[in-house]
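First the structure, in the form of structure tokens, and then the observations on it.
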Amino acid sequence: MKTKEILLGGTTVAIAVIGFLAVAECVLRFLPVAALPLVVPVTQTDPVFHYAPNRSFVYSKDWDLTMASYGRTNNDGWVNKLDYRKYAPLPLIGVIGDSFIEAISVPPDSTAQGHLSESLKGKFRVYSFAASGAPLSQYLVWAAYAVREYKAKALIINVVGNDYDESHLSYSPQVPGFWIYAPETNGELRLQLRELHVGAIRSLVKMSALARYLFLNLHVKETLSNAQWLRAFVAIDSPTIVYAGNTDASPDSARIEASVAAINAFFRDLPKYTGGLQPDRIIFTMDGFRYPDAANAGKGSYFDIMRTVFRKTAETLGYEVIDMDPLFFTDFQLHGVRFEYPRDAHWNPTAHALVAKAILSSRLIGRLQCNLGNSCEGGRSNGQASAEGRVPGGGQAGHNAAAREARPK
């Protein structure tokens, strides 16, 4: 009798659980649960990280599915509304970066590359090559791809706080599919690929809205692995991490040494990977503290040290660098509009518009415009000045429009 009761009770519980999961799956399929772009395998024979082409995706964040947005990868597997053409008459400008440039939560026309593409329409093509989690070392591979496959005549490379140390094997999260620097026996850093193979189980899990909600929106894997919840439950004190520039602020000497080594290796390899593009055809944009009080609080932090090292190294070698902090500081003091989302530190449309405006004002764009035969005056072409005026943020009305778009609805 007891055995039957146990079986009946177990069956009832199992049916209830299965029913609950089935209902949850059905409900979540009608909601904007995150369904990120599908990554294709990355191997030595196919070594360039990109997504499956022509696939729809959904981005949302946290338990309440905030910041929901919809998009589609293009014909070459990048998050860009434009299909890429290898044999087009207009010269190409490649924009390279991580999630800041991928900008999966930003409307395509409101991204920096979207503004550039519109402002330079009829003169240049602007294609982006970016993915979340990529470090500085990976940018070399994408730069080579842009030059080799699309004959890029100029490159814009965006650099953020976690690019430096995560380019080194010792501090890399080792995200599969990316190239990072690993020391050889003589201590010299060389690029090394951590291959990405997409398994059948992973593919099946992505088909479930409930599984995506748990892993992509609630991040249950990360929550369980870092065990912060366990420490809080048993009242174990854990060190508080202070962040600056979206990375650990502590200026650890070993971390700084590894980061400097990665930066030096990057600039050593850059000419080779860009097919010999001269420094005056490559520009770096740098994210910063964004606000004066944050910059004051972050003085001497890892982020403060590394962005200074990177900027000075690049400029010494003849590369143009746009440090966004002076522009962010001025704009914030004038308008009081923030440059990130309330629950996400990535650039919002206001920040993207300012970045695009800064690029359009750069010496690089001036030279490229002059090379097209436009009349130039003081290194700036008439076309460059008019292009700046078409970017939201180029004037008060444009800034107000970008600010309205950036505010959560």
Side-chain angles (χ1 to χ4, degrees), residues 36-37 39 48-51 57 59 69 71-74 76-82 84 92-120 124-147 150 152 154-164 166-167 175 177-179 245-246 266 274 282-288 290 307 310 321-324 327-328 339-341 344-360 362 364-365 391 393 406:
L36 301 181
V39 182
V48 180
F49 183 106
H50 62 95
Y51 298 114
F57 63 82
Y59 175 81
S69 61
R72 187 175 179 84
T73 56
N74 67 10
D76 198 34
W78 304 97
V79 179
N80 195 305
K81 74 171 189 176
L82 302 176
Y84 293 178
L92 176 72
I93 300 173
V95 184
I96 297 170
D98 67 349
S99 50
F100 279 71
I101 296 301
E102 182 183 57
I104 201 169
S105 63
V106 181
D109 292 334
S110 297
T111 62
Q113 59 268 24
H115 288 307
L116 293 174
S117 183
E118 178 63 26
S119 297
L120 299 172
F124 299 95
R125 293 172 293 152
V126 180
Y127 293 170
S128 57
F129 305 89
S132 176
L136 187 67
S137 51
Q138 174 65 27
Y139 301 165
L140 291 169
V141 177
W142 287 333
Y145 183 79
V147 172
Y150 294 99
L155 297 173
I156 300 163
I157 302 176
N158 187 59
V159 182
V160 300
N162 59 345
D163 276 339
Y164 315 112
E166 293 187 4
S167 292
V175 177
F178 293 145
W179 291 79
N246 299 312
F266 171 82
T274 56
I282 300 173
I283 190 171
F284 294 97
T285 54
M286 295 182 64
D287 189 24
R290 305 179 192 172
R307 67 193 305 274
F310 184 89
V321 178
I322 298 177
D323 182 352
M324 287 303 303
L327 300 172
F328 283 152
F339 306 114
E340 64 281 319
Y341 294 96
D344 191 301
H346 289 90
W347 290 338
N348 63 19
T350 298
H352 276 272
L354 282 174
V355 172
K357 180 184 176 185
I359 293 170
L360 289 169
S362 68
L364 170 67
I365 297 300
V391 177

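All values below come from the heavy atoms of this structure, side chains included, with hydrogens, waters and symmetry mates left out.
To the nearest 0.5 angstrom, T73 atom OG1 is 10.0 Å from I104 atom CD1. Taking CD from E102 and CD1 from I96, the interatomic distance works out to 14.0 Å, rounded to the nearest 0.5 Å. Rounding to the nearest 0.5 angstrom, the gap separating the CD1 atom in I282 from the CG atom in L364 is 9.5 Å. Atom CH2 in W347 sits 14.5 Å away from atom OG in S110 (nearest 0.5 Å). Expressed to the nearest 0.5 Å, how far CE of M324 lies from OG1 of T285 amounts to 8.0 Å. Going from atom CG of L120 over to atom NE2 of H115 covers 12.5 Å, rounded to the nearest 0.5 Å.
The aromatic rings of W78 and Y145 sit tilted relative to each other, their planes meeting at an angle between 30° and 60°. Relative ring orientation between F100 and H346 is described as tilted, the plane-to-plane angle lying within the 30° to 60° band. Taking the six-membered ring for Trp and thresholds of 30 and 60 degrees, Y127 and Y150 have ring planes more than 60 degrees apart, a perpendicular arrangement.
Sorted by first and then second residue, the salt bridge (Lys or Arg N to Asp or Glu O under 4.0 Å) pairs with a member in residues 126-142 form an empty list; sequence neighbours excluded. Under the side-chain hydrogen bond (donor to acceptor under 3.5 Å, both in side chains) criterion, the residue pairs touching residues 130-144 are Y139-D163, with sequence neighbours excluded.
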Query - Pair L92-F124, side-chain contact (heavy atoms from CB on, under 4.5 Å): steps then yes or no - result: CA-CA 6 Å; L92 176 72; F124 299 95; over 6 Å; no
Report task. Give the intermediate values and the outcome of side-chain contact (heavy atoms from CB on, under 4.5 Å) for residues H352 and F339. Result -> CA-CA 8 Å; H352 276 272; F339 306 114; over 6 Å; no
Requested in this report: Evaluate the criterion side-chain contact (heavy atoms from CB on, under 4.5 Å) for residue pair D98 and N162; output intermediate values, then yes/no.
Outcome: CA-CA 10 Å; D98 67 349; N162 59 345; 4.2 Å; yes
Requested in this report: Take D76 and H50 through the side-chain contact (heavy atoms from CB on, under 4.5 Å) test and state the conclusion after the steps.
Outcome: CA-CA 8 Å; D76 198 34; H50 62 95; 5.6 Å; no
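Among the candidates L354, V126, V95, I156, the single residue satisfying the side chain to side chain contact (heavy atoms under 4.5 Å, CB included) test with I359 is I156.
The pair R307-D323 meets the salt-bridge criterion, with a side-chain N (NZ, NE, NH1 or NH2) lying under 4.0 Å from an Asp/Glu carboxylate O.
Shortest non-hydrogen contact noted between A131 and F49 is CB-CE2, 3.5 Å.
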